[in-house]
Amino acid sequence: MFNRRDIIYLYDGSFEGLLTAVFESFSFHEIPMNILVNSNVQETLDMNYYYVNTDTEKAYRVQKSITQKISRYTMHNIFFTYLSVCSDKEMKILAYIHRCFKYGKSVNSRINDKYVGAVCDAALSVGNEAHKLKGFIRFLELSNGVYYGKISPKARILPALILHFKERFNSMPFIIHDLTHEECLVYNGKSAEIYKTDTIPKLDISDNEEHYKALWREFYNTVAIKERHNPKCQMNNMPKRYWQHLTEMELAN
Amino acid sequence: MDIKEKLRILTDAAKYDASCVSSNSTRKNTAGGIGNAAECGICHTFTSDGRCVSLLKILFTNYCIYDCKYCINRCSNDIERTAFTAREIADLTIGFYKRNYIEGLFLSSAVIKSPDYTMEQIISAISILRHEYHFNGYIHAKTIPGASQELVTRLGLLVDRMSVNIELPSEKSLSQLAPQKTKKNIISPMRQIKGSIIQSKQEMVVYKHAPSFAPAGQSTQMIIGATPETDKSIITLTQSLYKSFDLKRVFYSSYIPVGDNKNLPTTAPPLLREHRLYQADWLLRFYGFDSSELLDDKTPNFSNEIDPKCQWALKNLHLFPVEINKAPYEVILRIPGIGVRSAKKIIRARRYSKLSFSDLKRMRISMKRARYFITCNGHTFENMWLRQELITPLMLSDAGASGYGQMSLFDEPTKGDTIKCLTGEI
Ligand code: SF4
């Protein structure tokens, strides 16, 4: 493997694109200076740029070899790191994949390795955010029977939420709107799809909604034990950045 | 009375119950149904006292024919009373669940008319949820002491978790403060539930679709600080409850003064006590400790300054320091400040290379307490001089200076307590 300080790979930002870039790096026997999303880059003259052509076949081969030779869990780590906001995540993923082939199945036990640690940590923090949001998302009932919820996550969390809510709500259609990344997860009661959106749709809210909101606030305020008031502990468990979309905290804001 | 008013009264009456755990069940959604149980448990919000809200925790009613002295709902107490209908409970649960406010329902009740009558009301609310609304989310229900075996069985087949409250840590206290309840009335449903759970698990091995009985197990709760039992007798009782009834959890609930009975204290015990009992409870369940190791007749109560694991370690300094690269898992687990997750990380990582303090740091293992008790490749932390007579005062000064973990979140220990601790045990 050559360490190429003079070339930057550019990919389209998709997961398949990133895996294609990994594939190319292995097939060229080189490690680029960086791997970046093409829309975020201002090219400069002293650098070479290689445009990665997203190729699902190549991406699939990387994925297959990692799942088979190492483990599904390793692939999950890579995917969650890709969803994260961790800096240089593409290069960390590349370095991690190198470690995967060097250490084999034991790779995730080498948490004292810088890159293994970095990827595990990034994946864990995305996992944590997804776990928190599974609890903190609030849905509104719309007049057409669809349930709509807004979130402002740090990471691009939507793919990590699909399975959970699909299994839970079954035939109940729902939309989760990620305001940070301007994406919508739309589930029609059978299958789910993620769309780009940059507008907040006009919502036709069901008449039941205010009733249930009021009941929920009543419950929330009553269940707290006043003698044990402990806002610090509350805030540790439920950081303020989640409050804006919580029905019970709307008034506290 | 409108539903909001009922919700306020019957939430208020239920809120002191400590258990709001929704984990341990793997109930799956069914075709056309709604809901499932998340094995690891999900918190949906946190109240201003810092507690996790996962379940809609309410009483079916607060009308009560009993007169337990420590309870706000006792019949001799003059309070506003009401009852839900079964339909109201089911609709609230579904409405909240679809909006992702909750993981499920925790239904308990005071005793209205008779134990059997109350149980039937609880069963009918849960039946609507399970059979009419096809709700597969988490349900925890309390059985009413004195209800018939048949009703306990019916309830068990509908819910994920069942609990019978043991109420107070000794029979003597129970007969003094809850004269209408008997140990027998509490223990026999516990035994029945344990038997049914085992039986249902065996049947499920043979027939895949055998009905499951309380798949998330049973738990119990006791009120602490209302009666004079020591921490030692409480954790000894806890341990025997885990052993005899396969309980999933024992919950402790700090007494909140409600009565004017002469046998009851007029002030609440410090929350720190509840916290220490929970810490000790974890040591029993996940760290391989026996209650007799933690406390004895000489020190029958936990310390205010340090957690039970540190307290044990300071009593057993001859077992330390522990070499991180050699000690078996069980021993690593006993190092103060090292939790189950960290212990597992250490065991995994050291298979491939010897670990140094900087490796531990990279693995994000906290050295705050552990540093006094370990060596890495024979070295102590920053080559600190580990001498018995130094460790104790160091740890105590840490405790004072940094508010010792969660200490600052709880009532400050009184000066008297601190002195007792310094002169007595340490
Ligand atoms: S039976 Fe339950 S609700 Fe009634 S007084 Fe006793 S503890 Fe309270």
Side-chain angles (χ1 to χ4, degrees), chain A residues 103 106 108-114 117 120-121 131-132 134-141 147 149 164-172 174 208-209 211-238 242 246-249 252, chain B residues 3-5 7-9 11-12 14-16 28-36 38 40 42-54 56-58 92 95-101 103 136-137 254 256 268 271 345 348-349 351-353 355-356 358-360 362-364 406 408-409:
Chain A
Y103 296 134
S106 77
N108 294 312
S109 299
R110 317 227 174 203
I111 15 191
N112 48 347
D113 178 285
K114 188 171 155 205
C120 289
D121 282 351
H131 182 75
K132 283 209 142 73
K134 284 175 193 171
F136 296 158
I137 295 179
R138 296 286 175 266
F139 290 101
L140 300 169
E141 189 188 26
Y147 283 75
H164 172 80
F165 284 107
K166 227 173 111 171
E167 284 184 349
R168 171 154 293 198
F169 290 145
N170 208 354
S171 57
M172 181 183 114
F174 63 85
N208 289 328
E209 206 42 46
H211 174 64
Y212 277 103
K213 273 188 177 172
L215 288 174
W216 173 241
R217 290 193 188 114
E218 188 71 37
F219 175 76
Y220 178 78
N221 292 327
T222 311
V223 81
I225 298 179
K226 304 280 173 300
E227 299 86 335
R228 299 187 188 172
H229 191 64
N230 191 346
K232 205 168 133 198
C233 181
Q234 177 189 30
M235 225 128 40
N236 277 342
N237 287 311
M238 188 165 74
Y242 292 104
L246 290 171
T247 318
E248 63 274 24
M249 303 310 275
Chain B
I3 179 93
K4 197 167 150 195
E5 200 54 20
L7 182 63
R8 183 182 58 75
I9 294 171
T11 301
D12 198 48
K15 72 181 176 190
Y16 296 107
K28 295 267 183 315
N29 208 340
T30 50
I34 176 162
N36 57 0
C40 51
I42 293 175
C43 288
H44 284 255
T45 188
F46 288 84
T47 51
S48 58
D49 56 21
R51 288 184 308 162
C52 155
V53 177
S54 157
L56 171 62
K57 182 158 64 176
I58 45 176
L92 262 179
F96 279 13
Y97 194 82
K98 286 186 168 174
R99 289 166 178 78
N100 205 42
Y101 297 164
E103 267 317 274
N136 293 303
S254 276
I256 299 201
L271 267 184
K345 269 194 201 167
R348 262 204 296 158
R351 250 186 271 155
Y352 304 100
S353 58
L355 302 178
S356 63
S358 54
D359 286 326
L360 295 181
R362 215 167 301 138
M363 289 155 62
R364 294 170 192 270
Q406 290 211 296
S408 56
L409 302 177

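In what follows, chains carry the letters A, B, and so on, assigned in the order in which the sequence lines appear, proteins first and then strands, with residues in each chain numbered from 1. As a basis for the values below, the full set of heavy atoms in this structure was taken, side chains included, without hydrogen atoms, waters or symmetry mates.
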Chain B: which of A:Asn237, A:Ile111, A:Ile137 shares the most heavy-atom pairs with it under 4.5 Å? A:Asn237
What residue, out of B:Lys98, B:Arg362, B:Arg364, has the most heavy-atom pairs lying under 4.5 Å from chain A? B:Lys98
May I ask you to decide whether A:Lys213 forms a salt bridge with A:Glu141, counting only side-chain N to carboxylate O separations under 4.0 Å? no
Could you tell me which of A:Ser171, A:Pro231, A:Gly117, A:Ser106 has the largest number of non-hydrogen atom pairs under 4.5 Å with chain B? A:Ser106
Tell me if a side-chain donor or acceptor on B:Lys345 pairs with a main-chain N or O of B:Met363 at a distance below 3.5 Å. yes
Treating B:Thr11 as the side-chain partner and B:Ile58 as the backbone partner, does any N or O pair qualify as donor plus acceptor under 3.5 Å? no
Heavy-atom proximity to chain A below 4.5 Å, by part of B:Ser254: both
Please name the pair of heavy atoms, one in B:His44 and one in A:Arg138, separated by the smallest distance, quoted to 0.1 Å. O-NH2, 2.5 Å
Output the option from A:Asn108, A:Asn112, A:Leu140 having the highest count of non-hydrogen pairs under 4.5 Å with chain B. A:Asn112
Please look at A:Met238 and chain B and tell me whether the side chain, the backbone, both or neither of the residue comes under 4.5 angstrom of a heavy atom of that chain. both
Among A:His164, A:Met235, A:Glu167, the residue with the most heavy-atom pairs under 4.5 Å to chain B is A:Glu167
With no hydrogens and no angle check, is any side-chain donor or acceptor of B:Asn136 less than 3.5 Å from a backbone partner on B:Asn36? no
Flag the one option from A:Gly149, A:Ser109, A:Ala214 with the top tally of heavy-atom pairs under 4.5 Å to chain B. A:Ser109
Measure the shortest side-chain to side-chain distance between A:Arg217 and B:Lys4 over non-hydrogen atoms and say whether it is less than 4.5 angstrom. no
Is a salt bridge present between B:Arg99 and A:Glu209, judged by a nitrogen-to-oxygen distance below 4.0 Å? yes
Heavy-atom proximity to chain A below 4.5 Å, by part of B:Leu7: side chain
Has B:Asn100 got a side-chain atom pairing as donor or acceptor with A:Phe136's backbone, closer than 3.5 angstrom? no
With chain A as the partner, which of B:Asn29, B:Ile34, B:Asp49 has the greatest number of non-hydrogen pairs under 4.5 Å? B:Asp49
Chain A heavy atoms under 4.5 Å from B:Lys28: which part of the residue, side chain, backbone, both or neither? neither
Checking A:Tyr220 against chain B: side chain, backbone, both or neither under 4.5 Å from a heavy atom? both
Let me know if B:Leu56 has heavy atoms under 4.5 Å from chain A in its side chain, its backbone, both or neither. both
Quick check against the 3.5 Å criterion: does B:Lys57 have a side-chain atom that pairs as donor or acceptor with the backbone of B:Ala14? no
Does any heavy atom of chain B fall under 4.5 Å from the side chain of A:Tyr242, the backbone, both, or neither of them? neither
Does any heavy atom of chain B fall under 4.5 Å from the side chain of A:Asn221, the backbone, both, or neither of them? neither
Using the ring pair (Phe, Tyr, Trp, His ring centres under 6.0 Å) definition, which of the options A:Tyr212, A:Trp216, A:Phe139, A:Tyr147 pairs with B:Tyr101? A:Trp216
